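In what follows, every chain begins at residue 1, and chains take the letters A, B, ... in the order their sequences are listed. Since this is a predicted model, take the numbers as computed values, not measurements.
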Amino acid sequence: MNHEIIIALLAAAAILAAPASGKESAEDNYTAYCTQCHGIHGDGKGINARDMSVQPRDHTDATAMSARSDADIFKAIKEGGVPINKSVLMPPWGDVLTDEEIHDLVRYLRKLCQCDHGN
Amino acid sequence: MIRIKRAFAIALLSLSASASWAADGEAMLSSQCASCHNLTGPAPATLQALRERKGPDLFYAGNKYKAQWMVQWLQKPQRIRPAGMFYVNHVKDGAEGDAIDDGGLTAHPALAAAAAQAVTDALMQRKARDDLIRAGAYTPGTLSKSMGEMLFDKFRGCLACHEIEPGYGGLSGPEVYTAAARLQEDYIVSYLRDPQAWDPKIFMPNRHLSDSDLQKFVHYFRALGQEVKP
């Protein structure tokens with residue numbers, strides 16, 4: 001094998017191994033960033049809920065969650081509650097999650113509520 | 001001339017004394033602290049690494065903490081993060097929703113005064129991430145506690161994750177009523193501006209706060225600290 005190929009292979013291996021570029025699963029992201037308020041069961045009863053003046057949305061509530069479009073949910077996660085006329089207590093996550101990870105989270109929420117927009 | 005010589009000798013003595021303090025401190029850090037604290041960096045880059053982190057990263061301790069506070073705290077450590085380093089590792093089902101599993105939260109090792117001073121000296125030499133700190137970023141000023149609380153709760157939503165007095169506020173983040181005693185003001189400004197620059201996976205959102213907000217939050221923490229003594 002010539003040297004250039006070896007170097008190219010090593011570089012490729014380094015890129016593959018680099019953790020920072022790795023995408024996290026929706027479940028792991030939800031657990032790490034959302035359950036502090038929305039609860040480990042997604043029912044809105046996270047450890048932070050006690051003193052919050054607006055309670056976190058129950059993500060298993062199909063009626064409430066089906067009232068929102070996927071685009072609105074995406075926006076709420078990326079930019080926070082305020083842009084969709086919801087509480088400032090729902091924070092913006094655009095600096096922590098990539099757009100792709102946020103799209104995965106929207107799908108994950110649809111599984112939690114077992115609902116789609118409109119039903 | 002004699003006086004100068006003597007002053008020089010004293011300076012030399014105290015220099016070498018603090019150097020050997022720090023050397024003792026280094027030895028203690030690697031034998032007693034490195035199992036839980038990252039002393040060399042970098043910060044966790046994956047959720048897996050975040051989950052496994054046992055204690056706060058200390059590789060930029062010299063840019064973050066107030067030495068005077070650290071010496072005291074190490075002798076008499078009291079909990080700062082109500083739900084531990086990563087709340088996910090310490091949550092259980094409670095009667096009215098999620099609750100903190102106190103069983104998993106152990107007391108921090110306490111040090112004797114000399115040892116606390118020695119490790120503090122060694123830690124304060126760790127000045128990684130100088131690139132994120134601007135000396136003098138904070139300009140001392142005042143803000144009433146009630147204005148501060150409005151900003152912290154109603155306008156920016158910080159109260160959801162931080163307690164502003166024992167037993168009131170959110171539990172996933174560190175208490176902020178001791179923040180001004182623990183943390184350098186310029187660090188607070190920098191951290192609030194961009195938490196992920198310090199700790200890429202941390203579960204505190206970046207709210208793109210204005211410069212004026214950044215100053216106000218530090219005023220507020222200082223006001224809180226005057227009321228609740230750590």
Against chain B, residues from residues 106-113 of chain A with at least one heavy atom under 4.5 Å, in numeric order, are none
Please report the C-alpha distance between A:Asp28 and B:Arg51 in whole Å, then the side-chain angles of each, then the deciding distance to 0.1 Å, and finally whether the side-chain contact (heavy atoms from CB on, under 4.5 Å) criterion is met.
CA-CA 10 Å; A:Asp28 286 350; B:Arg51 200 178 302 125; 4.1 Å; yes
By number, which residues in residues 93-101 of chain A have some heavy atom less than 4.5 Å away from chain B?
A:Trp93, A:Asp95, A:Val96
Examine whether an atom of B:Leu50 lies under 4.5 Å from a heavy atom of chain A, and if so say whether it belongs to the side chain, the backbone or both; otherwise answer neither.
neither
Can you check whether anything in residues 63-90 of chain A gets within less than 4.5 Å of chain B, heavy-atom wise, and list it by number?
A:Val88, A:Leu89, A:Met90
Mind running side-chain contact (heavy atoms from CB on, under 4.5 Å) on A:Ile47 and B:Val91 for me, showing each step along the way?
CA-CA 8 Å; A:Ile47 53 166; B:Val91 198; 3.9 Å; yes
For chain A, which of B:Arg207, B:Glu96, B:His208 has the most heavy-atom pairs under 4.5 Å?
B:Arg207
Looking at A:Glu24 and B:Lys201, does any basic side-chain N land under 4.0 Å from a carboxylate oxygen?
yes
What pair of heavy atoms forms the shortest contact from B:Pro205 to A:Pro91, and how long is it?
CG-CB, 3.4 Å
Cut-off 3.5 Å, side chains only: do A:His41 and B:Asp98 have a donor facing an acceptor?
no
If every non-hydrogen atom of B:Gly167 is compared with every non-hydrogen atom of A:Arg50, which pair is closest and at what distance?
O-NH2, 3.0 Å
Going by the rule ring-ring contact (aromatic ring centres under 6.0 Å, His included), which residues pair with B:His108 if we only count those two or more places apart in sequence or in a different chain?
B:Trp73
For B:Gln75, does the CD atom have more than 12 heavy-atom neighbours from other residues, nucleotides or ligands under 6.0 Å away?
yes
Do any N or O atoms from the side chain of A:Asn48 and from the backbone of B:Cys161 form a donor-acceptor pair under 3.5 angstrom?
no
Which bit of B:Ala99 is near chain A, if near means a heavy-atom gap under 4.5 Å: side chain, backbone, both or neither?
backbone
So what's closer than 4.5 Å to chain A heavy atoms on B:Phe86: side chain, backbone, both or neither?
side chain
Separation of B:Tyr87 OH from A:Ile40 CD1 (nearest 0.5 Å)
10.0 Å
Give the member of B:Asp153, B:Asp93, B:Ile100 that has the highest number of heavy-atom pairs under 4.5 Å with chain A.
B:Asp93
Kindly compute the distance separating CG (B:Leu47) from OH (A:Tyr33), expressed to the nearest 0.5 Å.
4.5 Å
Please determine, among B:Gly169, B:Gly97, B:Gly170, B:Gly157, the option with the most heavy-atom pairs under 4.5 Å with chain A.
B:Gly169
